[in-house]
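Report on the following structure.
Predicted model, so just to flag it, every value in this text is computed and none were measured. All chains are named by letter (A, B, ...) in the order of the sequence lines, taking the proteins before the strands, and each is independently numbered beginning at 1.
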There are 2 protein chains.
Amino acid sequence: MSDRCVSKQTLQRLPAYLNYLRGPGKGLKKHVSATMIAEALGLNDVVVRKDLASVSSSGRPKVGYVRSELIRELEKFLGYDNSQDAVLVGAGKLGQALMAYSGFPQYGLNILAGFDSDPRLEGAEVAGKKILAMDKLPGLCRRVGVHIGIITVPGEHAQAVCDQLIDSGILAVWNFANAHLSVPEGILVQNENMAVSLALLSNHLKEVFSTK
Amino acid sequence: MSDRCVSKQTLQRLPAYLNYLRGPGKGLKKHVSATMIAEALGLNDVVVRKDLASVSSSGRPKVGYVRSELIRELEKFLGYDNSQDAVLVGAGKLGQALMAYSGFPQYGLNILAGFDSDPRLEGAEVAGKKILAMDKLPGLCRRVGVHIGIITVPGEHAQAVCDQLIDSGILAVWNFANAHLSVPEGILVQNENMAVSLALLSNHLKEVFSTK
DNA sequence: TAGATTGTTAATCGATTAACAATC
DNA sequence: TAGATTGTTAATCGATTAACAATC
């Protein structure tokens, strides 16, 4: 494997490049240059070039990259090409919205089923996906070999759910709950933390108004 | 104002501190130390101390911080204490889930109304909030003085919606669409980008399995 | 050949960490 | 006084940027 160890910053920018490359077909030239991408996304061109170098080796001086080739390389690197199974715990409004979201398959995520402790939800279906009782969780995860768990329960239950997921063999947790999760070494917690985003928004407004 | 210019990294950690401080009431001592927080959250204690120093001046050697005081200072700094109005564009599944989410008020966000171009949604209500036609957007924003816009439309429409929001006086955009948004100087775009999160999750799993 | 573009090596910048002084 | 803790100043580390060499 040549594609190991990319910095987190780089990894966060790669999806934006892919997005741009896939983007509006107008002016679909066969080749793209790092400079073009950088300009469109408001980044430094050397950053883009360096990022792309860690993903692709198809860039050629004077020519640039072949768009379609670069797209494929990015998709492969980001794991969008082979789907990963996931389970979701907490089938409330947000959970159901995620279960129904049709965009995940194209990012290589396949939510197998939802789980909820509320017996009234048991057996219900969202977008063709079953909502199951919590006691079914370990069995399914083990059997199918699921490694991604999505947490959309209220904050106060998040840690308990997280522990159950890890007991069931989950290696990466996507946490939508507003709680800090403690996990053993080797488990990744990716926080989709609304509170952080809101803090950044609010801080921006504060700055805008304080300099006026 | 003493509380200007905190680094982005710091700003992203502050909500986690607040969360921890508010957290499970067990062992609610009156005082907390930076070391305690750092340990609980898996951070370096100097980082925590430095972050807190930029928000609070109530830390006392040997004693630490008064928990309740620190909570109030963090809430104030993060703008969670005085609510900001927001509009949401794109009242699909995700949009409705956000409109219905009851946790936002405690983070100082108040979604006034949803907007959608689909006439069938016009007039509908979600959690007591109206869904309105797009042509009502500028009027409402101007009249009430809304500065935050939330975008939950499909990626291909995101830029057009973003432009409309900015025309309506929006200064900060919370973007859930999978699209890069170009905005004029002085406007903040905060991306809640699922694609980025998924890339990080997938990369983690790749690393786990490649080192085995 | 000349120009555009890639990719690499060195310089700069900012954030984190380490060491230490101040203080209750 | 001694110990714990804050907060500051200096050292380290990593990422970004700048300069340049390689190449089609």
Side-chain angles (χ1 to χ4, degrees), chain A residues 2-17 20-21 27 29-71 73-74 77 196 199-200 203 207, chain B residues 2-17 20-21 27 29-71 73-74 77 196 199-200 203 207:
Chain A
S2 61
D3 52 15
R4 233 181 279 85
C5 277
V6 179
S7 84
K8 196 180 169 185
Q9 279 89 337
T10 294
L11 200 50
Q12 290 183 313
R13 283 187 296 259
L14 294 179
Y17 303 155
Y20 169 76
L21 291 169
K29 293 226 207 71
K30 193 159 173 247
H31 294 93
V32 282
S33 73
T35 321
M36 273 172 60
I37 301 178
E39 213 158 280
L41 267 47
L43 295 169
N44 182 296
D45 62 320
V46 182
V47 165
V48 176
R49 216 167 284 127
K50 225 176 167 189
D51 289 346
L52 292 183
S54 62
V55 167
S56 165
S57 51
S58 67
R60 279 186 310 163
K62 163 135 181 170
V63 180
Y65 299 82
V66 177
R67 181 192 291 260
S68 60
E69 216 167 307
L70 189 53
I71 289 178
E73 288 172 314
L74 279 166
F77 189 92
V196 170
L200 294 170
N203 190 261
E207 274 176 14
Chain B
S2 60
D3 51 14
R4 234 182 278 84
C5 280
V6 179
S7 85
K8 197 179 168 185
Q9 279 89 335
T10 294
L11 200 50
Q12 290 182 313
R13 285 187 295 260
L14 294 179
Y17 303 154
Y20 169 76
L21 291 170
K29 294 227 206 73
K30 196 162 170 244
H31 294 93
V32 283
S33 73
T35 321
M36 274 173 60
I37 300 177
E39 211 157 282
L41 266 47
L43 294 169
N44 182 297
D45 62 319
V46 182
V47 164
V48 176
R49 217 166 283 128
K50 226 179 167 189
D51 288 346
L52 293 182
S54 62
V55 167
S56 165
S57 52
S58 67
R60 278 185 312 163
K62 163 133 183 169
V63 181
Y65 299 82
V66 177
R67 179 190 292 259
S68 60
E69 216 167 304
L70 189 54
I71 289 178
E73 288 171 313
L74 279 165
F77 189 91
V196 170
L200 294 170
N203 190 261
E207 275 176 14

Straight-line distance of Lys50(A) NZ to Thr10(A) OG1, nearest 0.5 Å:
8.0 Å
Length of the NZ-C1' vector between Lys29(A) and dA4(C), whole Å:
13 Å
Could you check which residues of residues 39-52 of chain A get a heavy atom under 4.0 Å from DNA chain D? Sort them by number, please.
Asn44(A), Val46(A), Val47(A), Lys50(A)
What integer distance in Å separates Leu70(B):CG from dT5(D):P?
15 Å
Pick base, sugar-phosphate or nothing for Thr10(B), based on heavy-atom distances below 4.0 Å to the nucleic acid.
nothing
From dT5(D), dT6(C), dA15(C), pick the nucleotide closest to the side chain of Ser33(B)?
dT5(D)
To the nearest 0.5 Å, what is the distance between CZ on Phe77(B) and OG on Ser56(B)?
11.5 Å
For atom OH of Tyr65(A) and atom C1' of dT6(C), their distance in whole Å
7 Å
Once you round to the nearest 0.5 Å, how far does CZ of Arg49(A) lie from CD1 of Ile37(A)?
10.0 Å
Its dot-bracket string being built from Watson-Crick and G-U pairs below 3.5 Å, with | for another strand and [ ] for crossing, DNA chain C has the pattern ..||||||||||||||||||||||
Set out, line by line, the N/O atom pairs under 3.5 Å between protein and nucleotides 22-24 of chain C.
none

Show the nearest heavy-atom pair for residues Ser58(A) and Glu73(A), with the distance to one decimal.
OG-OE1, 3.2 Å
Atom pair CG/CG of Asp51(B) and Leu43(B) - distance to nearest 0.5 Å
8.0 Å
Distance in angstrom units between Gln12(B) CD and dA15(C) P, rounded
12 Å
What heavy-atom pair brings Asp45(B) and Ala34(B) nearest, and what distance separates the two atoms?
O-CB, 4.3 Å
Gap between atoms CG and P, on Leu11(B) and dT16(C) respectively (whole Å)
13 Å
Evaluate the criterion side-chain contact (heavy atoms from CB on, under 4.5 Å) for residue pair Asn203(A) and Val6(B); output intermediate values, then yes/no.
CA-CA 9 Å; Asn203(A) 190 261; Val6(B) 179; 5.6 Å; no
Going from OG on Ser33(A) to NZ on Lys62(A), what distance comes out if it is rounded to the nearest 0.5 angstrom?
13.0 Å
Rounded to the nearest 0.5 Å, what separates atom CZ in Arg67(B) from atom OH in Tyr20(B)?
6.5 Å
Please check if atom CD in Glu69(B) has more than 12 non-hydrogen atoms from other residues, nucleotides or ligands closer than 6.0 Å.
yes
May I have the distance from Lys8(B) (atom NZ) to dC13(C) (atom P), rounded to whole angstrom?
21 Å
